[in-house]
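To start, the structure under review is shown below, and the notes come after it.
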Number of protein chains: 2
Amino acid sequence: MHRKYIDNDVGIVKTSKQFFKGTLQLDCGVTLENYEICYETYGKLNKSRDNAVLVCHALTGDQHAAGKYTEADKKAGWWDNMIGPGKPIDTNKFFVVCPNNLGGCGGSTGPLSNNPETSRPYGPDFPIVTVRDWVESQESLAREIGIEQWAIVMGGSLGGMQVLQWTIDYPDQVRHAIVIAAAPRLSTQNIAFNEIARQAIRSDPEFHGGHFYEKNVVPERGLKVARMIGHLTYLSDDILHTKFGRDLRKGKIDFGFDVEFEIESYLRHQGESFVGRFDANTYLLMTKTLDYFDPAASYGGDLTKALAKCNSHFLVLSFSSDWRFSPSRSKEIVRALLENNLDVNYCQIESELGHDSFLLPIRQYHRIISAYAEQVNISK
Amino acid sequence: MHRKYIDNDVGIVKTSKQFFKGTLQLDCGVTLENYEICYETYGKLNKSRDNAVLVCHALTGDQHAAGKYTEADKKAGWWDNMIGPGKPIDTNKFFVVCPNNLGGCGGSTGPLSNNPETSRPYGPDFPIVTVRDWVESQESLAREIGIEQWAIVMGGSLGGMQVLQWTIDYPDQVRHAIVIAAAPRLSTQNIAFNEIARQAIRSDPEFHGGHFYEKNVVPERGLKVARMIGHLTYLSDDILHTKFGRDLRKGKIDFGFDVEFEIESYLRHQGESFVGRFDANTYLLMTKTLDYFDPAASYGGDLTKALAKCNSHFLVLSFSSDWRFSPSRSKEIVRALLENNLDVNYCQIESELGHDSFLLPIRQYHRIISAYAEQVNISK
């Protein structure tokens, strides 16, 4: 199932940084000044500037969607199987842009950045941004790069929510929208899982109310538990059974609290490796961004009305075993789009890999994206 | 849906304590000496001693299944809606016994008890017990009380696992077995949720490797997160939606980390009230007991073989929206029982209340238990 990292990858990449002198009026009321967005690009923008693809990252993603920073890197970008020459989003045809969202920990202005008011990192004082704020900042970035209309805006999970928001806020700047494993808003259960993760982080004594940078510590224990909770909800019960079952590390029960079942070892590892790569304040902030997303709210809960001004072509994809954003949630989006007489392709992909499917090179999934992207017209 | 606490309850009850001089050889290899079991009884044992019902408690339960300790008590026992005069388990007919399991925190020998070897509480050194160990200790209790055969052994969730183990280990001492919202063993996902809860507790700095009693502290933060995780898995997505939806405490988003959504308030409250009533070492231990339960393991995974010696009549119940122990898990038990040509009644009860349903006075559920219990023959 997993592809090898081979010649047809985008190769060595680097992150660019765009500085914005202007201000960004955030939904929370705060005005952000002098902010920066880190982003990567793959492929070349054509002369007509009509082959650009915006990739929106999910909760724990960043701008590093494809390629490697050095030959020695063990891991490529998070969507390396999707983006590259000859891959579903073919960089021989498209110019791909992937920004790190505001509030992120990939270098864009966020909790780790200097707060001009205090000359210390923002930490917990970085304003909670919304998906709408992200779209605004991405639109500013598009203008800087010189892109007036995206050929495709695409993303999975929280990334899919950004896609939807783009088609609402800038209907004429998105020719094609690919919304993967997303939902028009979180369910109560989704919010509850986020809240437990937040409690785990915020109750860690090393969180220090979010000002842990100054203490040179990290709320490791809380962040680890938060990641374990999140990760578990990305996987289906079936794939857990297939991959780990009730296999015991030592072949027998130990009657103790060290790792006994393989699944315990796997989850602990997931938690530990996350601590080294992700910022606790960003995690808190982005779970809130997820909780708040609800474009229908301003229309009395009517999603059809919220999508009334959309003008893009849509590909909506879901995965059969995804219980975090189940196919029925994707269908809510499809229904509302169809009620607006929009062009919608929808497919539920058979996969036992749960919500994580959107990151994985599943044959049917990649073939559908390939076929869809192939028929997207661009100038020669 | 909720019944009022009315005249036909068992009234004021008290906990009894049974001391066992003998030894109990535990599955883990440890021999427990001089242990105690706390239990409650409701109703009267008849002359023929054939009207006794054993109630087995679940993960966070104890011996206080019905009634109140004083008139002033706000809450009655955890299964007060099930047990009492005129209730599904009618105490005018039956003599009900509910013990607190070994390792529990209701007064039976467990982590809070004195370790004779150190003259300090056992804490984390209390041996991890198995469902088989519990059945052994319950059987010793039955002998002390003078019960040679139970009219019914019943329980939900981890309680249902004890019922199943009873019918395997003492087939002729159980006339009727009522197995509710149970599974023949945990799924990988179930184990994973338990492991995350354990990590939350064990990584709390106030856990002190389990020796927190001596420090006069409680790993509150970890225990709270553990309970929030557990509790969330007991509820269905649907009931969360119905009860809380995306309702906001203050009617609008605050862009902060205080309680915003009603579900957050509810979960925090669940976590906090648990901290006051439950012991962290017991919680750790009992989640391990759950993980280990797998009667088919000694039969090459063949549940039918594991149940080959069973000789009881069975009532197996599941709840439609239970995703912790879903109906399909109950059906695994039913299939194995039927393959042994046993008498099995099975019903999946429609309920949107999730795993928690087994504790709640759902009309169809109570009517089925009433009808089943009514036809259980006892001497006059």
Side-chain angles (χ1 to χ4, degrees), chain A residues 26-30 124 127-128 130 185-193 195-196 198-200 202-206 210 220-222 224-225 228-229 232 235-237 239-247 253 255-257 259-264 266-268 271 284 288 291-292 294 297 323, chain B residues 26-30 124 127-128 130 185-193 195-196 198-200 202-206 210 220-222 224-225 228-229 232 235-237 239-247 253 255-257 259-264 266-268 271 284 288 291-292 294 297 323:
Chain A
L26 302 175
D27 271 336
C28 64
V30 172
I128 298 179
T130 64
R185 63 182 190 182
L186 293 198
S187 71
T188 320
Q189 190 187 60
N190 294 150
I191 295 173
F193 276 118
E195 168 64 6
I196 297 174
R198 286 192 292 263
Q199 286 292 317
R202 291 168 51 82
S203 71
D204 186 325
E206 308 221 283
E220 283 189 25
R221 292 166 285 221
K224 187 178 160 188
V225 168
M228 288 169 82
I229 295 169
L232 184 54
L235 302 173
S236 73
D237 198 7
I239 189 63
L240 287 168
H241 178 73
T242 308
K243 274 177 92 166
F244 307 105
R246 294 176 53 91
D247 291 351
I253 284 172
F255 293 98
F257 291 98
V259 163
E260 294 197 296
F261 293 96
E262 289 291 352
I263 179 64
E264 296 173 320
Y266 172 78
L267 273 181
R268 289 189 197 183
L284 292 173
K288 275 291 185 184
D291 289 1
Y292 291 163
D294 185 5
W323 63 277
Chain B
L26 301 175
D27 270 337
C28 64
V30 172
I128 299 180
T130 64
R185 63 184 192 181
L186 291 200
S187 73
T188 319
Q189 191 187 59
N190 293 149
I191 295 173
F193 276 119
E195 169 63 6
I196 298 173
R198 285 191 292 262
Q199 286 291 318
R202 289 168 53 80
S203 72
D204 186 323
E206 307 221 283
E220 282 188 26
R221 293 168 284 223
K224 186 178 161 189
V225 168
M228 287 168 84
I229 296 169
L232 184 55
L235 302 173
S236 73
D237 198 6
I239 189 64
L240 287 168
H241 179 73
T242 308
K243 274 176 91 166
F244 307 106
R246 294 176 55 91
D247 291 351
I253 285 173
F255 293 98
F257 291 99
V259 162
E260 293 197 297
F261 294 95
E262 288 291 352
I263 179 65
E264 296 174 320
Y266 173 77
L267 273 181
R268 289 188 197 183
L284 293 172
K288 277 290 186 183
D291 289 1
Y292 291 163
D294 187 5
W323 62 278

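Since this is a predicted model, take the numbers as computed values, not measurements. In what follows, chains are A, B, ... by sequence order, proteins preceding strands, each numbered from 1.
Aromatic ring pairs are classed by plane angle as parallel below 30°, tilted from 30° to 60° and perpendicular above 60°; the pair A:Trp323 and B:Trp323 is tilted.
Here B:Met228 contributes atom CE and A:Phe193 contributes atom CZ; the two are 11.5 Å apart, rounded to the nearest 0.5 Å. Rounding to the nearest 0.5 Å gives a distance of 6.5 Å between CD1 of B:Ile263 and OG1 of A:Thr188. We find the CG-CD1 distance between B:Leu267 and A:Ile196 to be 5.0 Å, quoted to the nearest 0.5 Å. With rounding to the nearest 0.5 Å, the separation of CG in A:Leu186 from CZ in B:Arg246 is 6.0 Å. Put simply, OH on B:Tyr292 and CD on A:Glu260 are 3.0 Å apart, with the number rounded to the nearest 0.5 Å. For the atom pair B:Phe244 CZ and A:Ile191 CD1, the distance stands at 11.5 Å (nearest 0.5 Å).
For chain B, no part of A:Lys243 is nearby; none of its heavy atoms comes within less than 4.5 Å. Interface residue A:Arg185: backbone and side-chain heavy atoms are both found under 4.5 Å from chain B. At a 4.5 Å heavy-atom cutoff, the contact between A:Asp291 and chain B is made by backbone and side-chain atoms alike. Using a 4.5 Å cut-off between heavy atoms, A:Asp27 touches chain B through backbone and side chain atoms alike. Heavy atoms closer than 4.5 Å to chain B are found nowhere in A:Tyr266, neither backbone nor side chain.
Ranked by heavy-atom pairs shorter than 4.5 Å toward chain A, the options B:Lys224, B:Arg221, B:Glu206 are led by B:Arg221. Note on A:Asn190, A:Asp237, A:Leu240: by heavy-atom pairs under 4.5 Å with chain B, the leading option is A:Asp237. Taking B:Gly29, B:Pro205, B:Ser187, B:Ala200 one by one and counting their heavy-atom pairs under 4.5 Å with chain A, the maximum is reached by B:Pro205. Per-residue heavy-atom pair counts under 4.5 Å with chain A were compared for B:Arg198, B:Gln199, B:Glu220, and the maximum is reached by B:Gln199.
Residue B:Val225 comes nearest to A:Ser203 through the heavy atom pair CG2-OG, 4.5 Å, listed as atom of the first residue, atom of the second, then distance. B:Thr130 and A:Phe255 make their closest contact through CG2-CE2, 3.7 Å (heavy atoms, listed as atom of the first residue, atom of the second, distance).
By the ring-ring contact (aromatic ring centres under 6.0 Å, His included) test, A:Phe261 is found to be paired with no residue, residues two or more places apart in sequence or in another chain being considered.
Taking 4.0 Å as the cut-off between side-chain N and carboxylate O, B:Lys288 and A:Glu264 count as a salt-bridged pair.
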